[in-house]
Amino acid sequence: DRLAEVEQLPAAGHCGIGVAPYSPLARGVLSGKYDPGAAPPEGSRAARNDVRIMQTEWRPESLEIARKVAERAKAKGTSTVAFAIAWVMRNKYVTAPIVGARTEEQWDAYVPALDAVLDAEDEAFIDSLVPPGHASTPGYTDPAYPIEGRQARSTLPHP
């Protein structure tokens with residue numbers, strides 16, 4: 001979800017406010033452990049039917065994007081986790097991503113992001129998957145944050 005790039009991140013940069021985005025792995029979708037069309041691995045958020053992953057990132061489009069990111073990372077000789085976190089850290093407005101390692105193994109997978117080298121071609125690749133300022137699925141709206149600015153008014157006469 002790149003919606004914050006439209007207003008929030010530039011506003012923070014303009015005001016000199018640090019930004020620490022959470023869930024740089026999209027609740028684990030960008031870890032590379034989920035395969036489109038396959039059952040989620042036992043013990044994962046998706047296998048536990050975690051409410052937020054099921055409301056947000058658990059969509060075929062997102063899983064397919066994650067698969068493509070995994071292929072790109074592998075071609076660069078890095079892990080999907082390192083690639084995704086390094087991409088977040090490359091944003092000039094990001095002070096530091098908040099990573100949510102539950103295990104030492106997960107933490108060990110995050111550390112290589114500090115040495116991962118991404119370039120303009122990688123940026124263009126990500127832009128081709130999810131354009132700047134957009135969600136990963138066109139037309140998607142997070143149900144936890146409904147759009148409230150355009151509600152129908154039952155008291156208005158219909159033309």
Side-chain angles (χ1 to χ4, degrees), residues 1-9 12 18-91 93-148:
D1 185 338
R2 299 182 67 181
L3 295 171
E5 294 175 344
V6 175
E7 293 180 350
Q8 290 95 341
L9 293 178
V19 175
Y22 65 92
S23 196
L25 296 179
R27 293 182 176 82
V29 168
L30 289 172
S31 69
K33 66 182 163 192
Y34 298 118
D35 292 320
E42 187 174 326
S44 66
R45 285 182 182 196
R48 294 188 315 262
N49 284 318
D50 175 87
V51 172
R52 287 303 287 149
I53 194 172
M54 302 317 278
Q55 286 178 332
T56 56
E57 289 84 7
W58 193 256
R59 297 187 310 278
E61 299 90 347
S62 295
L63 297 176
E64 185 58 29
I65 289 168
R67 185 191 61 76
K68 291 176 181 176
V69 170
E71 289 174 358
R72 179 74 174 209
K74 184 177 180 181
K76 289 188 68 77
T78 192
S79 71
T80 308
V81 169
F83 185 96
I85 293 173
W87 181 83
V88 170
M89 292 188 322
R90 268 182 63 89
N91 187 301
Y93 299 124
V94 169
T95 305
I98 297 171
V99 295
R102 290 183 301 108
T103 66
E104 187 173 346
E105 180 183 19
Q106 288 177 345
W107 178 253
D108 291 343
Y110 292 173
V111 174
L114 297 172
D115 296 321
V117 177
L118 277 63
D119 56 26
E121 289 180 11
D122 296 316
E123 291 288 337
F125 169 73
I126 295 298
D127 289 351
S128 75
L129 298 176
V130 181
H134 291 269
S136 64
T137 305
Y140 172 77
T141 301
D142 186 337
Y145 302 99
I147 298 171
E148 297 181 5

Enter the distance from Y34:OH to T80:OG1 here, rounded to the nearest 0.5 Å. 13.5 Å
A side-chain contact here means heavy atoms from C-beta on lying under 4.5 Å apart; do I126 and V69 qualify? yes
Side chains of L63 and V29 in contact at under 4.5 Å (non-hydrogen atoms): yes
Note: I98 and P24 closest approach over all heavy atoms is O-CD, 3.0 Å
What distance do R27 atom CZ and S62 atom OG have between them, rounded to the nearest 0.5 Å? 11.0 Å
To the nearest 0.5 angstrom, please state how far the CZ atom of F125 sits from the NZ atom of K76. 11.0 Å
Tightest non-hydrogen contact, residues L3 and A135, listed as CD2-N, 4.0 Å
Between E57 and L30, is there a side-chain heavy-atom distance shorter than 4.5 Å? no
How far apart are the closest heavy atoms of V81 and S31, and which atoms are they? CG2-CA, 3.8 Å
Rounded to the nearest 0.5 Å, the OG atom of S23 sits from the CD1 atom of I53 at a distance of 8.0 Å
Salt bridge R67-E64, side-chain N to carboxylate O under 4.0 Å: yes
Please determine if D122 and R90 form a salt bridge, counting it only when a charged side-chain N lies under 4.0 Å from a carboxylate O. no
To the nearest 0.5 Å, what is the distance between CG on D127 and CZ on R2? 4.5 Å
D108 and P112: which non-hydrogen atoms are nearest, and at how many Å? O-CD, 3.2 Å
Would you confirm whether T95, through its side chain, and V19, through its main-chain N or O, come within 3.5 Å as a donor-acceptor pair? yes
For the student: nearest non-hydrogen atoms of A47 and P41, plus distance: CB-O, 3.2 Å
Provide the closest heavy-atom pair for A82 versus A116 in the form atom of the first, atom of the second, distance. O-CB, 4.2 Å
Rounded at 0.5 Å granularity, tell me how far CD in Q55 sits from CG in D50. 9.0 Å
